[in-house]
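This report refers to the structure that appears directly beneath it.
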2 protein chains.
Amino acid sequence: MPTENTHTIWIVEDDPIFKESLEDLITMTDGFHLGHTANSVEKAIQAFGIKENPDIILEDIGLPGLSGIEAISIYKKLFPNVLIVILTIFDDDERVFEAIKAGADGYLLKRAPGSEIIHNLQQLIQGGATLSPPIAKKVMNMLVKPSQQKTIKNPLTKREVIITKYLVDGLTINEIADKLVISKHTVDTHTKNIYKKLHVHNRSNLATVAIKKGLI
Amino acid sequence: MPTENTHTIWIVEDDPIFKESLEDLITMTDGFHLGHTANSVEKAIQAFGIKENPDIILEDIGLPGLSGIEAISIYKKLFPNVLIVILTIFDDDERVFEAIKAGADGYLLKRAPGSEIIHNLQQLIQGGATLSPPIAKKVMNMLVKPSQQKTIKNPLTKREVIITKYLVDGLTINEIADKLVISKHTVDTHTKNIYKKLHVHNRSNLATVAIKKGLI
DNA sequence: CATAAATTACCGTAAACACGGTATTTCTTA
DNA sequence: TAAGAAATACCGTGTTTACGGTAATTTATG
């Protein structure tokens, strides 16, 4: 029976063996109890309002039918305060990223030992999020990559950077010349040099390159 | 004495009380031993080549002098395979982000219990990264935010999106017409409509808006 | 101080753009 | 099935771009 300090867990998992071992794990652990289990997202949703609302949903990501990722936003609407933990055998970047973006609160690998899973659930309840270490590494790498690219040294001179900004902003050569109080011919020359340096041949290219490489 | 299975830890921490409790924690724990401890980045660096190289450096982020974040890249150069764990009482977004970008392998809160810290170090050695749950939550939120902005509904039709991509890529109207096997007049019409919808008046603007709003 | 790099300036032209208007056909979807 | 959205197509025109070449002056920098 649930007490004030007991948290209701739902399990959504299609692999019967893993599902059962999860059920056992939850049942055996103080502070948690099994609210409902299903082998598909659809069936889990059907239990809405019938079974006791979950505090945490443990869900496989690779379910047939509605995928676990699509399900996340649905759960969040049905149970506004629910915590969703994705359990998966995969640790591929795409899925991690999609699940996190969809609002998952944790992402654990199935190969993690039961004690690990329980430990993470407890931490989740205390207000954090939880990532398996290999997942954490991937997530951190995602954050690092863009900043490394930022370090590309800007091949443009000061003046060229200024003019590039105006070009990207869509000003005409004449407008730029007016702004900088120089001849339009000069702006034209700078533009040619900028194009040459960045290997672009029109403003669209320039804008794309300048923005993506953080040159301006 | 270090054995094959023992990992050398360095501690860089200026708070003497916390430093001592960390030292005790490491000393008491099987599989780890204390290599060197310092109360500043500068002193830690001075021990390079003298003391036994670290497998893991535990470091406070808010050190006087050279900050812990600045130190990360230095350590990584001195000890190419070192794992760096940031320990802090703060969990403010900026520092987390900076430390991760600088290449930290873990980010733990000082208020975490010793068992937690040890546990995380062990996981780190096994190849993951490690984040305290409150930190994990912040990091995950960072990933979610940009994607929420992405949810701005794209006012462009399918065809317009395709043509926008080509326009941003710098193709001429004629080139686009050829690619899509439609008349250049049609591409021209689409372009006009795209400009109207996005309130832009030239390709630079289009590229900027399309990229920044994630429309393409 | 000498040399290179950066900034300035001018000319000409084919190609492309931006945008006005108008109009038919083909989806969608209420 | 009727109405609206989307995709298609054509015309004309003034403006702007992209890029070729050439060159003087100013500003670093070794």
Side-chain angles (χ1 to χ4, degrees), chain A residues 66 70 73-74 77 150-216, chain B residues 149-216:
Chain A
L66 262 178
E70 292 168 310
S73 54
I74 298 173
K77 276 177 194 153
K150 218 183 224 170
T151 323
I152 297 167
K153 46 179 167 287
N154 194 327
L156 303 179
T157 68
K158 288 175 201 172
R159 203 56 162 171
E160 286 167 350
V161 168
I162 293 169
I163 289 172
T164 301
K165 279 179 188 166
Y166 286 132
L167 289 171
V168 170
D169 262 1
L171 300 202
T172 67
I173 301 291
N174 280 316
E175 286 169 339
I176 297 171
D178 284 352
K179 283 232 177 200
L180 299 179
V181 198
I182 54 177
S183 153
K184 63 178 176 178
H185 302 293
T186 305
V187 178
D188 186 64
T189 302
H190 281 305
T191 303
K192 283 190 285 193
N193 293 332
I194 291 165
Y195 281 15
K196 206 164 269 174
K197 283 186 181 177
L198 301 182
H199 308 292
V200 299
H201 301 280
N202 54 61
R203 283 172 175 231
S204 306
N205 278 172
L206 177 63
T208 308
V209 170
I211 292 172
K212 291 198 174 166
K213 297 202 175 175
L215 261 33
I216 53 172
Chain B
Q149 294 169 336
K150 214 185 227 170
T151 321
I152 297 169
K153 43 182 170 290
N154 194 327
L156 303 179
T157 67
K158 287 177 200 169
R159 203 57 163 171
E160 286 167 352
V161 168
I162 293 168
I163 289 172
T164 300
K165 279 180 187 165
Y166 286 132
L167 289 172
V168 170
D169 262 2
L171 301 202
T172 68
I173 302 290
N174 281 316
E175 287 169 339
I176 297 171
D178 283 353
K179 283 232 174 200
L180 299 179
V181 199
I182 53 179
S183 153
K184 62 178 175 177
H185 302 294
T186 306
V187 178
D188 187 62
T189 302
H190 281 305
T191 304
K192 283 191 285 192
N193 293 332
I194 292 165
Y195 281 16
K196 206 164 269 175
K197 282 185 182 178
L198 301 182
H199 308 293
V200 300
H201 300 281
N202 55 62
R203 284 171 175 234
S204 306
N205 277 173
L206 178 63
T208 307
V209 171
I211 292 172
K212 292 198 173 167
K213 296 202 176 176
L215 261 34
I216 52 171

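Letters A, B, ... mirror the listed sequences (proteins, then strands); counts begin at 1. Values below: all heavy atoms of this structure, side chains included; hydrogens, waters and symmetry mates excluded.
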Between C1' on D/dA7 and NZ on B/K184, what's the gap in Å once rounded to a whole number? 19 Å

Would you mind reading off the distance between A/H185 atom NE2 and C/dC10 atom C1', rounded to a whole angstrom? 5 Å

Where each residue is assigned the nucleotide of DNA chain D containing its nearest heavy atom, which of A/I173 and A/K192 is assigned the position nearer the 5′ end? A/I173

Mind checking A/T189 for me? I need base, sugar-phosphate or nothing, with any heavy atom below 4.0 Å counting as a touch. base

So for B/D188 and C/dC19, does any side-chain atom that can act as donor or acceptor lie under 3.5 Å from a complementary atom in the base? yes

In whole Å, I'd like the distance from the NZ atom of B/K196 to the P atom of D/dA5. 15 Å

Under 4.5 Å between any side-chain heavy atoms of A/L198 and A/L156, yes or no? yes

Could you go through the side-chain contact (heavy atoms from CB on, under 4.5 Å) check for B/T191 and B/L206 one step at a time? CA-CA 10 Å; B/T191 304; B/L206 178 63; over 6 Å; no

For B/R203 and B/L171, which heavy atoms make the closest approach, and how far apart are they? NH1-O, 2.8 Å

Just how far, in rounded Å, is P of C/dC17 from CG of B/N205? 15 Å

To the nearest Å, how far apart are A/H201 NE2 and D/dG20 P? 9 Å

Counting only distance, no hydrogens or angles, is the base of D/dC10 paired donor-acceptor with the side chain of B/T186 under 3.5 Å? no

Residue mapping more 5' on DNA chain C - nearest nucleotide basis, A/L180 or B/L171: A/L180

Can you tell me how far C1' of D/dA18 sits from CZ of B/R203, to the nearest Å? 13 Å

If you assign B/S204 and B/K158 each to the DNA chain C nucleotide with the nearest heavy atom, which residue ends up on the more 5' nucleotide? B/S204

So, do A/R159 and A/L180 sit near enough that their side-chain heavy atoms are less than 4.5 Å apart? yes

For atom CD1 of B/I163 and atom P of C/dC17, their distance in whole Å: 13 Å

Indicate whether OP1 or OP2 belonging to D/dA18 is found under 4.0 Å from a side-chain N or O atom of A/Y195. yes

Is A/H190 near enough to C/dT7 that one of its side-chain N or O atoms lies under 4.0 angstrom from OP1 or OP2? no

Gap between atom NZ of A/K196 and atom NE2 of A/H201 - 0.5 Å precision: 10.5 Å

Taking CG from B/L167 and C1' from C/dA18, how many angstroms apart are they, rounded to a whole number? 12 Å

